[in-house]
Amino acid sequence: MLFSKMFIPTLRGIPSEAEAVSHKLMLRAGYVRQLAAGLYIFLPLGWRVLNRINRILKEEMEAIGAQEISMPILHPAEIWQKTGRWHEIKEEMFRLKDRTDRDMCLGMTHEEIMTWLASKEIRSYRDLPQIWYQIQTKLRDEARPKSGILRTREFIMKDSYSFDIDEDGLEKSYNLHAEAYHKIFKRCGLRFYQVESDPGMMGGAFAHEFMAPSPAGEDEIVLCDKCGYTANVEVARSVSPMSSDMGWEYEEVHTPQKRTVAEVSGFLNIEPAYFIKSLLFMAAEGPVLVLIRGDQELHEKKLIRIIGPFRTALKEEVLSILGVEAGFIGPMEHKVRILADQSIKKGIYISGANKSDFHVKGIKPDIHFKAEWHDLHTAKEGDACPECNTLIKIEKSIEIGNIFKLGIKYSTPLNAVFLDKDGQEKPLIMGSYGIGPARIAAAAVEQNNDKDGIIWPKNIAPFDVEIIPLNINDQRTMDISELIYANLKNNGIEVLMDDRDERPGVKFKDADLIGIPIHIIIGEKALKDGLVEVKKRHIKEIRKIPLEDVIKETFAVMNEIE
RNA sequence: CGGGGCGUAGCGCAGCCCGGUAGCGCGCCUGCUUUGGGAGCAGGAUGCCGGAGGUUCGAAUCCUCUCGCCCCGACCA
């Protein structure tokens, strides 16, 4: 491909709307443009990247026996009503009516439609297992699109769905996907982790996410270098360091106007880890008192999994339900349901005295109060691994893929059943598995760039090699360039040749920005000695190579880089 | 949905407080020179000042409403 014939609108300046590194670079390098909030146009270079990613996705999906199909993105409401998600999902779903006033929606995912198809077509255990996938547009009216193509309202997803006769079959399909995903992300040149995750509104019991560490990521993951424990903070367990027993007697302490842990801790000059925070929440079942150690934070999702949706109690509610002013609540002697984080199951603590301006020192769990013990705190730096007790790390990460065991969540309401060997009717056991190609691209840029621009991993770069003739008005430069260009193409290499009548500086700057991994520079100086230069974009290393060895050298360099 | 910021030339911005012919830099077009890291000189084009109302002799500027975009938070199969 000739640069002069390709639409590559690079920018010198950085558009002010961009914040994330990948967003800035993909705008500047001419990969994408924004149409509206969360809606992006992929320009020729950007589209080539996505297509290379999609090719890898297809190869690895076909390798596990998945079959590509294509489903509509316009769906009748009826199917979504049957699974309940028409009502469960709120503003995030785009809804519309057709000309006959029938309710329709735009697909945000395809469990319903895939299951509908299976319910119509799968009759016998002999038809199973099946894995169907597509690379298809999804639409979600996100509350807050952000970070360029990392979070958009319309995006392409590789989504696959497995149908099995039993849990063992699902286990196999799930593991096949996990293995395929590892291969895919590795081929795409990403650093990533597979972590335990929250199944969320997808339902089902078991799920993992694939996470690419990056400061631009929206999720935090917990990592243990020693034993390999990995989990999204939404579900991550951790062991908080224990404080030593101070041997306090149970006694009230006067703490006038000191309400928060920070205030009381400062006033008494005692570490926050010796405090118990008592928080009152209102759930569907009624008020619930939640106890968290003073130096920790409640993870709301963990609480939601136990008591369902909740809100914090108002000041008046605290007073009427617990009979004490907020700020002086203690865990002792309340009639409401009490949940406590496991990290305060042992030790000796300070908390509110259940009367204004007083706290109590010397509180012992199970002696001075009773509670249901749960994991409620948010894992943080300084905590230890729940498996092997070494210090954990926390990293921000981009979710690039996920896998869910769904079981019968969709097959039952949509009556997707089959007859087993014994003639018994049984629901299909399902899994669903997603990957966002644009997020792979963005994560690749986030993880691989320098001050000059993008450094694409070789398998997803828009081209393998960029040829840079420095002076297109020099006949010999052009003859050699075209010869190398034709030669590489004949050897199956995708080549971009910068044939523009621009000064060398402009070409170097654009080449670095665009980020094709190998540059072949053809200049008059080196040519006098029969040499051209082969440059690795990522380390800017330049080798001068005799003309006749260029093709061989290019292949050698391609093998050296990631 | 809560909080904050911003809409003026293709991009980045000034002008607004204090109303009076819409500017700067980069980019773009033409010509000449230049050609190993975003060239130099000369000439040129480009604006519904986000939109609608209002105040005024007169509005980019003041007032009201509205739309859009970004950031933080909530939310996120």
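Computed from a prediction, not measured in an experiment: that's the story for all the values here. Naming convention: chains lettered A, B, ... in sequence-line order (proteins, then strands); numbering from 1 in each chain.
B/G38 atom P lies 13 Å from atom CG of A/Leu470, rounded to whole Å. One interatomic measurement links the two molecules: CD1 of A/Ile542 to P of B/G36, which rounds to 14 Å at whole-angstrom precision. When rounded to the nearest whole Å, the span between CD of A/Glu142 and C1' of B/C69 equals 17 Å. For the pair A/Asp474 CG and B/G36 C1', the interatomic distance rounds to 13 Å; values are reported in whole Å. Rounded to whole angstrom, the span from the CG atom of A/Asp450 across to the C1' atom of B/G37 amounts to 14 Å. Between A/Asn473 atom CG and B/G36 atom P there is a gap of 12 Å when expressed in whole angstrom units.
Using the Watson-Crick or G-U wobble rule with both distances under 3.5 Å, B/C28 pairs with B/G44. Pairing for B/G73 is with B/C1, a Watson-Crick or G-U wobble pair whose two hydrogen-bonding atom distances lie under 3.5 Å. Applying the Watson-Crick and G-U wobble criteria (two distances, each under 3.5 Å), B/A39 pairs with B/U33.
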Got a list of side-chain donor-acceptor pairs under 3.5 Å for residues 514-534 of chain A, not counting sequence neighbours?
| unit_1 | atom_1 | unit_2 | atom_2 | d |
| --- | --- | --- | --- | --- |
| A/His519 | NE2 | A/Ile516 | O | 3.0 |
| A/Glu524 | OE2 | A/Asn471 | ND2 | 3.2 |

Would you give me the side-chain donor-acceptor pairs under 3.5 Å for residues 499-506 of chain A, sequence neighbours excluded?
| unit_1 | atom_1 | unit_2 | atom_2 | d |
| --- | --- | --- | --- | --- |
| A/Asp499 | OD1 | A/Phe3 | N | 3.4 |
| A/Asp499 | OD1 | A/Ser4 | N | 2.8 |
| A/Asp499 | OD1 | A/Ser4 | OG | 3.1 |
| A/Asp499 | OD2 | A/Ser4 | OG | 2.6 |
| A/Arg500 | NE | A/Asp498 | OD1 | 2.8 |
| A/Arg500 | NH1 | A/Asp510 | OD2 | 3.2 |
| A/Arg500 | NH2 | A/Asp498 | OD2 | 2.9 |
| A/Arg500 | NH2 | A/Asp510 | OD2 | 3.1 |

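A/Arg153 comes within contact range of no nucleotide atom at all, as no heavy-atom separation falls under 4.0 Å.
Residue-to-nucleotide proximity on RNA chain B shows that, of A/Glu234 and A/Ala18, the 5′-proximal contact is made by A/Ala18. With RNA chain B read from its 5' end, the first of the two nearest nucleotides for A/Glu218 and A/Arg500 is the one closest to A/Arg500.
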Within the 4.0 Å limit for protein heavy atoms, which parts of nucleotides 1-16 of chain B are touched? Write it as a string from 5' to 3', B for base, S for sugar-phosphate only, - for none. B---------SSS---

All N/O contacts under 3.5 Å from nucleotides 29-33 of chain B to the protein, with atom names and distances to one decimal?
none

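The base of B/G36 does not come close enough to the side chain of A/Asn471 for any donor and acceptor atom to sit less than 3.5 Å apart.
Contacts with RNA chain B (heavy atom under 4.0 Å) in residues 501-510 of chain A: A/Arg503, A/Pro504, A/Gly505, A/Val506, A/Phe508, A/Lys509, A/Asp510, listed by number. Within residues 516-529 of chain A, the residues approaching RNA chain B are A/Gly523, A/Lys525, A/Ala526, by heavy-atom distance under 4.0 Å.
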